[in-house]
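What follows is one structure encoded as structure tokens, with my remarks underneath.
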Amino acid sequence: MINPGSFRLMIKGWHEKYLEILKEFHYDRIKEIQAANVLDWLLEKKSQPYSIRKKISGKAVFVIGAGPSLDSAISHIKKFKNITKIVADGSAQALLEHDIVPDIIVTDLDGDIDSLRKASELGSIMVVHAHGDNIPRLPYSTLFQNCIGTTEDKQVGMVKNFGGFTDGDRCVFLAEHFGAKKIILIGMDFGTKIGRYSKQVVSDRSTKIRKLEKAKSLLEWLASNTNAKLYTTTYPIKGFENMRISDLRRIIS
Ligand SMILES: Nc1ncnc2c1ncn2[C@@H]1O[C@H](COP(=O)(O)OP(=O)(O)OP(=O)(O)O)[C@@H](O)[C@H]1O
Ligand SMILES: Nc1nc2c(c(=O)[nH]1)N=C(CO)CN2
Ligand SMILES: [Mg+2]
């Protein structure tokens, strides 16, 4: 059966959430819009999100973040060759080191570009996010074979808005947008301990932690606005069912 969520244009209420983000993190909206326009200009007009829909609609999917629990989760992830893996930025490197190719990578290009490029060559679909602070890095998107863009602001051409803020929560918003039946979080620990595959900028630690708090609150908001079944294998998130990572097989069946 087709999940009606897969045809929804934009999650209702996102714009208000976005305005809150701009205020809380002191982002300049003009720069956000400029970034979306630059990315649209860089992307090939022929890339389309159809291949993403095919990988997600009606399925159980993993969303893989770069929290501290990722290391111990990898041996479990590896057992599921045919499950769609939507991977947040730095986590892609961890998976590639264990010969797991992400299906979809959600990135704002602030991590290791070589890993992203390698994943793209191996077939990963890249979902590149444009924001006011990554404009100089956006040209890296031209290295990728299959790539679409995202923005938190108004959609423009090839640059879509599926909702979400950090790479990790944007993976969940993407999965929800394209009608996933079940979304299972792995390595999405949140809290104050930053995972080793996440961008390590010690001077900006407090912003990173505030971003993680915001990401978690956005997921709790999403949980109250979706029909998808949501699970977490790490710490509790309101609206997500807690599960053990050793129970993956039972949950996806
Ligand atoms: N404890 C954690 N440490 C690191 N990442 C986490 C944690 N818990 C959840 N995540 C998710 O994993 C994602 C991947 O992290 P990564 O640092 O590679 O991306 P990022 O969002 O671009 O970081 P930043 O917001 O600092 O630019 C994060 O976006 C976040 O949503
Ligand atoms: N302007 C701006 N926007 C963002 C930023 C950021 O650092 N600056 N980071 C994000 C996810 O980490 C998402 N959006
Ligand atoms: Mg990133």
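We count ligands from 1, going down the list as the structure has it; atoms in each ligand are counted the same way.
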Discussion item. Go through it in stages, so that I can follow the logic: the residues are Lys208 and Ser198, the test is side chain to side chain donor-acceptor pair (under 3.5 Å), and I'd like the CA-CA distance, side-chain angles, deciding distance and then a yes or no.
Written reply: CA-CA 10 Å; Lys208 177 83 190 183; Ser198 183; 2.9 Å; yes
Fill in: Atoms of protein origin (N, O or S) under 2.8 Å from the Mg ion (ligand 3)
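Correct list: Asp89 OD2, Asp108 OD1, Asp110 OD1, Asp167 OD2.
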Fill in: Candidates Ile184, Thr234, Thr232 - the one meeting side chain to side chain contact (heavy atoms under 4.5 Å, CB included) with Met243
Ile184
Worksheet entry | Partner of Met126 by side chain to side chain contact (heavy atoms under 4.5 Å, CB included), out of Asn146, Leu143, Val106, Ile105 | Ile105
Tell me whether [X] contacts the main-chain N or O of [Y] through its side chain, where contact means a donor paired with an acceptor under 3.5 Å.
{"X": "Asp169", "Y": "Thr166", "result": "yes"}
{"X": "Ser120", "Y": "Gln145", "result": "yes"}
{"X": "Ser253", "Y": "Arg250", "result": "yes"}
{"X": "Thr233", "Y": "Leu185", "result": "yes"}
{"X": "Lys160", "Y": "Gly157", "result": "yes"}
{"X": "Lys182", "Y": "Phe62", "result": "no"}

Worksheet entry | Passing option when Glu152 is tested against His129, His131, Arg170, His15 for side-chain hydrogen bond (donor to acceptor under 3.5 Å, both in side chains) | His129
Fill in: Heavy atoms from other residues, nucleotides or ligands near CZ of Arg137 exceed 12 (cutoff 6.0 Å)
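Check passes, neighbour count above 12.
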Contact table, ligand 2 N/O with protein N/O, distance under 3.5 Å:
from, atom 1, to, atom 2, distance (Å)
ligand 2, 1 (N), Glu32, OE2, 2.5
ligand 2, 1 (N), Gly132, N, 3.4
ligand 2, 1 (N), Asp133, OD2, 3.0
ligand 2, 7 (O), Lys211, NZ, 3.1
ligand 2, 8 (N), His131, ND1, 3.4
ligand 2, 8 (N), Asp133, OD2, 2.6
ligand 2, 9 (N), Lys211, NZ, 3.0
ligand 2, 12 (O), Lys211, NZ, 3.0
ligand 2, 14 (N), Glu152, OE2, 2.9

Worksheet, complete the sentence: Protein neighbours of ligand 1 with a heavy atom under 4.0 Å, given by chain and number, are Gly65, Ala66, Gly67, Pro68, Ala88, Asp89, Gly90, Asp108, Asp110, Thr166, Asp167, Gly168, Asp169, Met188, Asp189, Phe190, Lys193, Ile194, Gly195, Ser198, Lys199, Lys208, Lys211, Leu212
Worksheet item: Checking Arg210 against Phe25: charged group under 6.0 Å from the ring centre and within 45 degrees of the axis?
Response: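 The answer is yes; both the distance and angle limits are met.
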Fill in: Remaining members of hydrophobic cluster (4.5 Å side-chain criterion), Val101
Leu96, Leu122
